[in-house]
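Notes follow the structure.
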Amino acid sequence: MSGSRETASPTPFSGAAVAAGITVGALLTWLAFYVRIAKPINSQQTAAAQSGIIPVNARALQDKWDSILKYRVTLQFIAIAGLCAALILF
């Protein structure tokens with residue numbers, strides 16, 4: 001042995017794995033926003049629409065739903081970009 005060291009090169013799939021991991025993280029965060037905030041609001045608005053009675057807090061419900069929309073859209077964009085990157089890097 002000549003004493004030379006071989007450096008471990010990254011596997012060709014490591015970039016794809018990172019991109020896929022970012023995608024999973026973004027989707028799990030999106031799901032948390034949906035389950036904790038958006039779904040309860042959707043359920044209340046659906047019940048109001050089916051009963052034909054406008055809830056007293058209708059504007060507040062809509063404002064709360066709108067307040068997280070930018071985060072949900074951004075997380076969906078990150079997820080799609082991550083999937084595209086994973087496909088390119090695979």
Side-chain angles (χ1 to χ4, degrees):
M1 293 204 146
S2 65
S4 65
R5 291 187 186 185
E6 290 185 34
T7 59
S9 63
T11 63
F13 302 115
S14 64
V18 170
I22 290 170
T23 298
V24 169
L27 289 174
L28 288 174
T29 305
W30 180 91
L31 186 61
F33 272 113
Y34 175 75
V35 169
R36 295 182 51 83
I37 299 170
K39 186 178 179 194
I41 293 170
N42 290 348
S43 298
Q44 290 178 33
Q45 289 177 332
T46 300
Q50 290 173 343
S51 70
I53 299 171
I54 298 173
V56 176
N57 63 344
R59 176 51 40 202
L61 289 172
Q62 188 63 45
D63 289 342
K64 182 70 172 174
W65 193 90
D66 289 344
S67 73
I68 65 162
L69 188 59
K70 60 185 169 239
Y71 302 113
R72 292 175 61 202
V73 169
T74 302
L75 289 166
Q76 286 290 314
F77 174 79
I78 291 169
I80 291 173
L83 287 174
C84 290
L87 286 172
I88 290 168
L89 296 171
F90 184 66

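Only heavy atoms go into these numbers, but all of them, side chains included; no hydrogens, no water, no symmetry mates.
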- Note on the structure: Sorted by chain and residue number, the side chain to side chain contact (heavy atoms under 4.5 Å, CB included) partners of Asn57 (sequence neighbours excluded) come out as Gln44, Pro55, Ala60, Leu61
- Message: Going by side chain to side chain donor-acceptor pair (under 3.5 Å), name the residues that satisfy it together with Arg36, two or more places apart in sequence or in a different chain.
- Response: none
- Query: Pairs in or reaching into residues 66-80: which pass salt bridge (charged side-chain N to carboxylate O under 4.0 Å, His left out), with residues at least two apart or in two chains?
  - Reply: none
- For Trp30, what residues pass the side chain to side chain donor-acceptor pair (under 3.5 Å) criterion, not counting sequence neighbours? none
- Query: Looking at side-chain heavy atoms only, is the closest gap between Leu87 and Leu83 below 4.5 Å?
  - Reply: no
- Could you give the distance from CD (Gln76) to OG1 (Thr29), rounded to the nearest 0.5 Å? 11.0 Å
- Considering all heavy atoms of both residues, which atom of Tyr34 and which atom of Asn42 are nearest to each other, and what is their separation? CE1-ND2, 3.9 Å
- Task: Establish whether Phe33 and Ile22 are linked, either directly or via other cluster members, by ILVMFWY side-chain heavy-atom contacts under 4.5 Å.
- Result: no
- What residues form a side chain to side chain contact (heavy atoms under 4.5 Å, CB included) with Thr74, not counting sequence neighbours? Ile78
- Task: Please collect all salt bridge (charged side-chain N to carboxylate O under 4.0 Å, His left out) contacts where either partner lies in residues 45-61, sequence neighbours excluded, each pair once.
- Result: Arg59-Asp63
- Interatomic distance, Ile80 atom CD1 to Leu27 atom CG [nearest 0.5 angstrom]: 9.0 Å
- Query: Members other than Val24 in its cluster, when Ile, Leu, Val, Met, Phe, Trp, Tyr link by side-chain heavy atoms under 4.5 Å?
  - Reply: Leu28
- Do Val35 and Ile37 belong to the same hydrophobic cluster, where Ile, Leu, Val, Met, Phe, Trp and Tyr are linked whenever their side-chain heavy atoms lie under 4.5 Å apart, directly or via other members? yes
- Message: Quick one: does any side-chain atom of Ser67 pair with a main-chain N or O of Lys64 as donor and acceptor, under 3.5 Å?
- Response: yes
- Remaining members of Ile88's ILVMFWY cluster at a side-chain heavy-atom cut-off under 4.5 Å? none
- Go through the structure and list residues passing side chain to side chain contact (heavy atoms under 4.5 Å, CB included) with Leu69, not counting sequence neighbours. Trp65, Val73
- Message: For Ala19, give me all partners under side chain to side chain contact (heavy atoms under 4.5 Å, CB included), at least two apart in sequence or on another chain.
- Response: Ala85, Ala86
